[in-house]
There are 2 protein chains.
Amino acid sequence: MRLTSPKREARYRQLLQAALKIFGRDGIDGASVADIAEAAGVAKGSVYLYFDSKEALAGDLVRHLFTFEDDGARLSDELEPLARILAFCESHEKRILSLGDDAPVVLHMFGHVGKKADDQLGRGVRQLMAESRFAIQVLLRRAMDKGQVPGCDDCGRGAAILLATMMGTVHQKLAMPDLVGEGGLGVRDAVSNAMRGLGALM
Amino acid sequence: MRLTSPKREARYRQLLQAALKIFGRDGIDGASVADIAEAAGVAKGSVYLYFDSKEALAGDLVRHLFTFEDDGARLSDELEPLARILAFCESHEKRILSLGDDAPVVLHMFGHVGKKADDQLGRGVRQLMAESRFAIQVLLRRAMDKGQVPGCDDCGRGAAILLATMMGTVHQKLAMPDLVGEGGLGVRDAVSNAMRGLGALM
DNA sequence: GGCGCATCTGACCAACCGGTCAATAGAGAC
DNA sequence: GTCTCTATTGACCGGTTGGTCAGATGCGCC
């Protein structure tokens with residue numbers, strides 16, 4: 001059938017969006033498949049035509065949320081390495097915050113990282129974090145080779161610091177938006193601050 | 001009855017410890033009261049003699065885990081303000097990591113911080129974070145008055161950065177212990193790095 | 001022993017869960 | 001219209017949950 005593929009994809013995205021809302025509201029364990037189906041406007045049984053299980057749905061969602069599909073620019077050579085790290089962090093922040101009221105789902109997902117080691121969702125999140133750290137590490141090394149980070153001789157550790165700063169800041173904005181002032185604490189501020197600490201000449 | 005009070009307290013702590021283990025393993029929504037009771041060596045019904053509900057149990061646990069009862073030294077004047085901030089962060093890290101295999105419960109709890117606004121557990125976590133930020137802010141201001149942080153003119157923002165760094169680093173250590181090298185990325189390293197960024201003369 | 005009382009128990013309950021599947025609806029071909 | 005095949009449904013299932021409560025248990029006291 002010709003209509004099948006586009007139709008299926010539309011339903012698939014429809015379900016992902018509904019899952020985003022319900023997972024964000026109730027958590028992943030707390031959410032019920034029935035609620036997700038209702039939010040998507042389909043019957044509960046239909047969910048299982050697109051996903052093997054609730055956990056698989058969550059896994060697909062995390063991949064969908066954190067795939068940096070539009071970040072080609074990040075890897076281009078238009079920007080200096082350090083500026084690219086900042087752009088990467090800002091892009092991450094923007095994508096998360098653009099979820100608006102559904103953003104807390106991210107907290108639930110990261111909260112899952114730590115459960116049973118063979119947990120599908122946890123493995124997915126952990127892999128994404130590892131990839132992010134590696135991307136930052138590569139950029140940091142290039143910056144180091146250019147002499148832009150004189151105080152930093154361990155790019156792995158530096159990348160870990162920057163990633164932790166980025167994650168912590170986004171987490172803070174999601175969980176406690178009223179903790180910081182009006183404009184709020186931007187990820188760019190926090191990460192570039194950490195870069196200054198690394199010895200960057202910015 | 002004279003025995004009541006100490007006995008009750010012992011049971012109470014016994015249940016908190018069991019909850020820590022089970023919540024850490026299964027998450028808060030995922031954990032069952034029966035499992036917690038079994039881990040504590042009591043019948044399920046007994047849990048409700050000490051806590052109104054599972055959520056209340058989680059709330060008490062979060063208060064128990066994050067109450068800085070032994071941090072009196074932090075507020076003494078034996079250390080310089082900036083050193084005290086570092087001591088505070090290290091104390092937090094130590095307390096969390098000392099939970100060992102049960103530590104992931106912390107992630108689950110932070111993951112809860114986005115649920116319904118009137119969620120008891122979420123409010124508790126948020127309040128604790130706000131208190132921590134305030135404590136750091138006060139110390140930062142003192143350091144600023146002493147001229148130790150010349151580049152920092154907004155203590156609230158500075159405290160938010162330091163807190164986010166601390167939280168992000170602890171989170172990273174809990175969720176992805178293999179992401180950083182052998183010794184790992186310490187909270188002291190990350191926070192003092194952020195302080196250097198703030199302009200501290202350390 | 002026996003009384004009084006706080007503590008504890010575990011069978012029980014209604015509600016809900018993730019997941020299944022026989023039945024139904026609907027779209028395109030002719 | 002009608003035949004075919006796929007997409008969709010929602011009643012249904014076994015299992016589990018948080019929470020209750022009537023009764024058992026144990027301890028201090030007389």
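The sequence lines fix the lettering, A, B, ..., with proteins before strands; numbering per chain opens at 1.
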Inset, instruction - Starting from C1' on D/dG19, measure out to CG on B/Leu57 and report it in whole angstrom. - result: 14 Å
Inset, instruction - Choose from C/dG19, D/dT9, D/dG18 the nucleotide whose nearest atom is closest to any side-chain atom of A/Leu49. - result: D/dT9
Inset, instruction - Let me know the distance between CZ of A/Arg8 and P of C/dA27, rounded to the nearest Å. - result: 17 Å
Legend entry - Under 3.5 Å side-chain donor-acceptor pair for A/Arg133 and A/Gln137: yes
Legend entry - Phosphate-side-chain proximity, A/Tyr50 and D/dT8, N/O vs OP1/OP2 below 4.0 Å: yes
Legend entry - Lys/Arg N to Asp/Glu carboxylate O, B/Arg25 vs B/Asp101, below 4.0 Å: no
Legend entry - Distance, rounded to the nearest Å, where B/Ile22 contributes CD1 and D/dG18 contributes P: 12 Å
Inset, instruction - Would you mind reading off the distance between A/Asp35 atom CG and C/dG19 atom P, rounded to a whole angstrom? - result: 15 Å
Legend entry - Touch class at under 4.0 angstrom, heavy-atom based, for B/Phe51 against every strand present: nothing
Under 3.5 Å, which N/O atoms of the protein pair with N/O atoms of nucleotides 10-12 of chain D?
none

Inset, instruction - Would you mind reading off the distance between B/Ile28 atom CD1 and D/dT17 atom C1', rounded to a whole angstrom? - result: 16 Å
Inset, instruction - Send over the distance from B/Gln14 CD to C/dT7 C1', rounded to a whole Å. - result: 13 Å
Inset, instruction - Apply side chain to side chain donor-acceptor pair (under 3.5 Å) to B/Arg11 and B/Gln14, showing your working. - result: CA-CA 5 Å; B/Arg11 271 261 195 277; B/Gln14 191 179 351; 3.2 Å; yes
Inset, instruction - State which of C/dC8, D/dG18, C/dT7 makes the closest approach to the side chain of B/Arg11. - result: C/dC8
Inset, instruction - For A/Ala56, answer base if it contacts any base atom (sugar-phosphate contacts may also be present), sugar-phosphate if it contacts only those atoms, and nothing otherwise; contact means non-hydrogen atoms under 4.0 Å. - result: nothing
Legend entry - Ring centres under 6.0 angstrom apart (A/Phe134, A/Phe88): no
Legend entry - Under 4.0 angstrom between A/Ser32 side-chain N/O and C/dC17 OP1 or OP2: yes
Inset, instruction - Return yes if some donor-acceptor pair links the side-chain N/O of B/Lys54 with the main-chain N/O of B/Ile28 below 3.5 Å, else return no. - result: yes
Inset, instruction - Using distance alone, with no hydrogens and no angle criterion, decide if A/Asp60 and A/Tyr12 have a side-chain donor and acceptor under 3.5 Å apart. - result: yes
Inset, instruction - From the options D/dT8, D/dG18, C/dG19, select the nucleotide whose nearest atom is closest to the side chain of B/Lys54. - result: D/dG18
Inset, instruction - In whole angstrom, give the distance that lies between atom CG of B/Asp26 and atom P of C/dC17. - result: 18 Å
Inset, instruction - Give a yes-or-no answer on whether the side chains of B/Gln17 and B/Arg13 include a donor-acceptor pair shorter than 3.5 Å. - result: no
Inset, instruction - Whole angstrom is fine here: how far is it from OH in A/Tyr12 over to C1' in D/dA7? - result: 18 Å
